[in-house]
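In what follows, a single structure is set out as C-alpha cells and then discussed.
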Amino acid sequence: MSILFVVNSKIQAQTIVPQTLDGLEKLCAGNNFNEFYATFSYIDFPAGTTFVIELSNSQGSYATPIATTKLLATDLSSTSQTIKFAVPTTIVGADTYSFRVKSSLASAPASTSFKNTLGNTSFPIYFKDYEGSFFINNKNDVALLCAGGSLTLSINNDTPDIVNSSPVNYAKIKYKWYKDDVAIAGQSSKELIVNAPGKYYAEIDYGLCSDVNFSSNRVTVSTSGSGGSAVSITSSLGNPFCASVDGTILTATQGNHYVWKKDGAAFGGDTRTVTAKDAGIYTVAVDFGGCSSTGTIDLKNNGFNASIDVADEFELTEGSTQNVTVTTDAASPTFEWYLNDNLIAGATTDTYVVAAIGTYKVKISQVSGCVSSKEFIFKTTGPPKPTSVIPNIISLTRSPYWNIPDEYKNENTKVMIISSNGDMVLDVSNYQGDWPQTSIDFKNVNPVYYYVIKGDTGEKKGSITVIR
C-alpha cells in the first residue's frame, strides 16, 4: 500500500512538500499488515540529509512527535523521495492523528501535515493488537434477567496466559457495546451491566478502523419474572439411572451463575451441568441476575442391593466349616467366589462352605437391565498357636542335648552359642538339637552359655545353664 503526495506548483529553497494520500483515508495497521510509503517533493537539500516521518499525538499536536523510520537521501538530484514506515505498535489509536515529514537540517522546517484523499490533515491511525472474534457471557447465547435486577456481560478470558487468546489481555483496547444493533453510548470497558432485555454484543473499538468482523457472539437477554424462574434438573440417563464409571449428566435451567450441592455439601462448580456418579439429593441455586431460585433432584440408581451374613474376619476352628450366604435383589444374578484371589471352580451360587483359612471374595453381578456388580471380602483365621518356648536349662541327667522348638530347626535359621568366656562354641544353620556334642567341664559351678537365634521370625537371645 503506498501513500502519494501532490507537489505544490511553487517550490522554494530547501522546501519539503508532502503529496496527497493516494486512495487512503486512514492508516489501519496490525500484526498482519503494517507497511506504508510516504512520498514527498523537496528542493535544494545537501548530501547527507536525512528525512523522517513524524506522528503527532492523538490530538494532532506535534509538541512531542513520535518518530518512525528514517531515510538517508543518497540521491538528491531527484525531486522526490519515498519513506517506507510502520505505525508504532505502542500508540493509542485515535481518529485525529496527523503526520509529517521532517529533514535533519535545522534551517529547513518540517513540512505541513499530509492530507488524505478527503483533503483532511487529521485522520485515523490505529495499530490493532487483536484482530479476531471473541466471546462474552461464557460463550452462552442466552441470559436471564430478573425484573428490577441486573446482570453483567463480560468478555471471556479463559486462557490469560495465552496473550492472543482474548482482547482482554491488551490493556489499551476499548470496546463498543450494542443493544438490538444500536451502539450504547459511554460504554467502552470489558464489562457491561445489563438491566433490560434485548440482544447484546460487543465490538473492538478501533474508531474508523473498526471491523464488524471482530465482534463477539450475540447474547439474548430475557426477563425471568420478579421471583426468578422455577429451576429444574434433568438427568441424561434418566432417574433412576444405571450407575457407571462415566456417571449421568445433570443439567439445570439456564441462568447466569450456579451453586451445586450433593446431600447438603458443596459439589461441582459454577457450571450449568455437572456429572453425578452416585445416588443422592442434588440441589442447584441458579442466579438469574438480581434474583435466584433453587431446584432439586432425588437421584437414584437402578442397580441392586446385596448383603453377606459373616463378619469381615472370623475364626475357623480346626476341622470345622462355615456356611457363607449372600442375599441380593439383583435381577438374574451371577456369583463368583475367590480364595486368596484365585477363582474357586464350581462355586457359582449364593452360598459357599468355607473350610480353609485365607482371604475370600465373592462378586455378585447383575447381567440384565442395569449391568453392574458388587464385591464382599472377608478373612478366616485359625486358632492361635501355642507360644514357642526356648529352654534355658539343660539337665544332663534328663536329656544330654539342648532341644529347641521345631520352628527354629530349618536352614533359614542360624543358631550361635557363646561361652561365658566369649568363645563361640556353636555357629550353625539348620540346628538339629544335638548340642553339646562333647563333655562339659563343670569344675565347681554350673556353666552358663549364651545363645543367639536369627531367622525369619527375627532374633532371639538368652542364656543356657547346664546342670547335672
Side-chain angles (χ1 to χ4, degrees), residues 308-326 335-348 351-363 375-468:
I308 193 168
D309 64 352
V310 293
D312 293 340
E313 183 173 326
F314 61 90
E315 181 181 323
L316 191 67
T317 59
E318 186 175 356
S320 66
T321 60
Q322 175 71 50
N323 285 342
V324 179
T325 301
V326 172
F335 302 89
E336 294 176 335
W337 295 82
Y338 296 80
L339 173 57
N340 298 328
D341 287 328
N342 296 311
L343 181 66
I344 302 173
T348 58
T351 300
Y352 182 73
V353 179
V354 174
I357 62 173
T359 300
Y360 288 82
K361 178 177 71 175
V362 55
K363 179 179 180 181
E375 293 181 353
F376 294 101
I377 297 176
F378 60 92
K379 182 179 181 180
T380 61
T381 59
K385 295 182 178 179
T387 303
S388 299
V389 178
I390 300 174
N392 59 3
I393 294 177
I394 300 176
S395 177
L396 298 181
T397 58
R398 296 179 181 179
S399 174
Y401 303 112
W402 182 51
N403 191 24
I404 60 177
D406 292 342
E407 62 187 276
Y408 300 115
K409 297 176 182 179
N410 58 72
E411 59 185 12
N412 295 323
T413 302
K414 186 175 184 179
V415 177
M416 294 176 287
I417 299 177
I418 305 166
S419 72
S420 58
N421 295 325
D423 298 326
M424 182 74 72
V425 297
L426 183 70
D427 185 0
V428 298
S429 296
N430 197 16
Y431 174 69
Q432 295 301 309
D434 52 358
W435 181 84
Q437 295 179 340
T438 60
S439 61
I440 294 177
D441 185 3
F442 279 84
K443 295 182 180 180
N444 296 322
V445 295
N446 295 322
V448 176
Y449 296 83
Y450 301 93
Y451 69 84
V452 178
I453 301 175
K454 295 181 179 180
D456 296 336
T457 59
E459 183 177 276
K460 303 285 187 180
K461 293 182 179 180
S463 63
I464 307 170
T465 301
V466 182
I467 62 176
R468 294 183 185 277

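All values derive from a computational prediction rather than experimental measurement.
A distance of 11.5 Å separates CD of E375 from CD1 of I308, quoted to the nearest 0.5 Å. The line from CD1 of I393 to CD1 of I464 is 11.0 Å long, rounded to the nearest 0.5 Å. Separating the NZ atom in K461 from the CD1 atom in I390 is a distance of 13.0 Å, to the nearest 0.5 Å. Taken to the nearest 0.5 Å, the CG atom of D341 stands 8.0 Å off from the CD1 atom of I377. We find the CE-CD1 distance between M424 and I418 to be 4.5 Å, quoted to the nearest 0.5 Å. Rounded to the nearest 0.5 angstrom, Y431 OH and T413 OG1 are separated by 13.0 Å.
Take K460 and apply the salt bridge (Lys or Arg N to Asp or Glu O under 4.0 Å) test, not counting sequence neighbours, and it matches no residue. Legend: residues meeting side-chain contact (heavy atoms from CB on, under 4.5 Å) with L339, ordered by chain and number and at least two apart, are I344, Y360. By the salt bridge (Lys or Arg N to Asp or Glu O under 4.0 Å) test, D427 pairs with K414, sequence neighbours left out. Evaluation of the ring-ring contact (aromatic ring centres under 6.0 Å, His included) rule for Y352 yields W337 as partners, not counting sequence neighbours. Under the salt bridge (Lys or Arg N to Asp or Glu O under 4.0 Å) criterion, D406 pairs with K409, not counting sequence neighbours.
Crowding of E459 atom CD: a count of heavy atoms from other residues, nucleotides or ligands under 6.0 Å exceeding 12.
Here the side chain of N421 pairs no donor or acceptor atom with the backbone of D423 at under 3.5 angstrom. A distance-only check finds no donor-acceptor pair linking the side chain of E313 to the backbone of A311 [under 3.5 Å]. Although no hydrogens or angles enter the test, the distance criterion places no donor-acceptor pair under 3.5 Å between the side chain of D309 and the main chain of V324. Although no hydrogens or angles enter the test, the distance criterion places a donor-acceptor pair under 3.5 Å between the side chain of T380 and the main chain of G358.
With a 4.5 Å cut-off on side-chain heavy atoms, F335 and T348 do not count as touching. The closest side-chain heavy-atom distance from W402 to V415 is below 4.5 Å. Residues I394 and T465 fail the side-chain proximity criterion, which asks for heavy atoms closer than 4.5 Å.
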Cut-off 3.5 Å, no hydrogens considered: what does the side-chain donor-acceptor table look like for residues 448-455, sequence neighbours left out?
none

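The heavy-atom pair separating S419 from V425 by the smallest distance is CB-CG1, 4.3 Å. I357 approaches T381 most closely through the heavy-atom pair CG2-C, 3.6 Å.
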Review point. For Y401 and W435, what are the C-alpha separation, side-chain angles and deciding distance, and is it a side chain to side chain contact (heavy atoms under 4.5 Å, CB included)?
Key: CA-CA 5 Å; Y401 303 112; W435 181 84; 5.7 Å; no
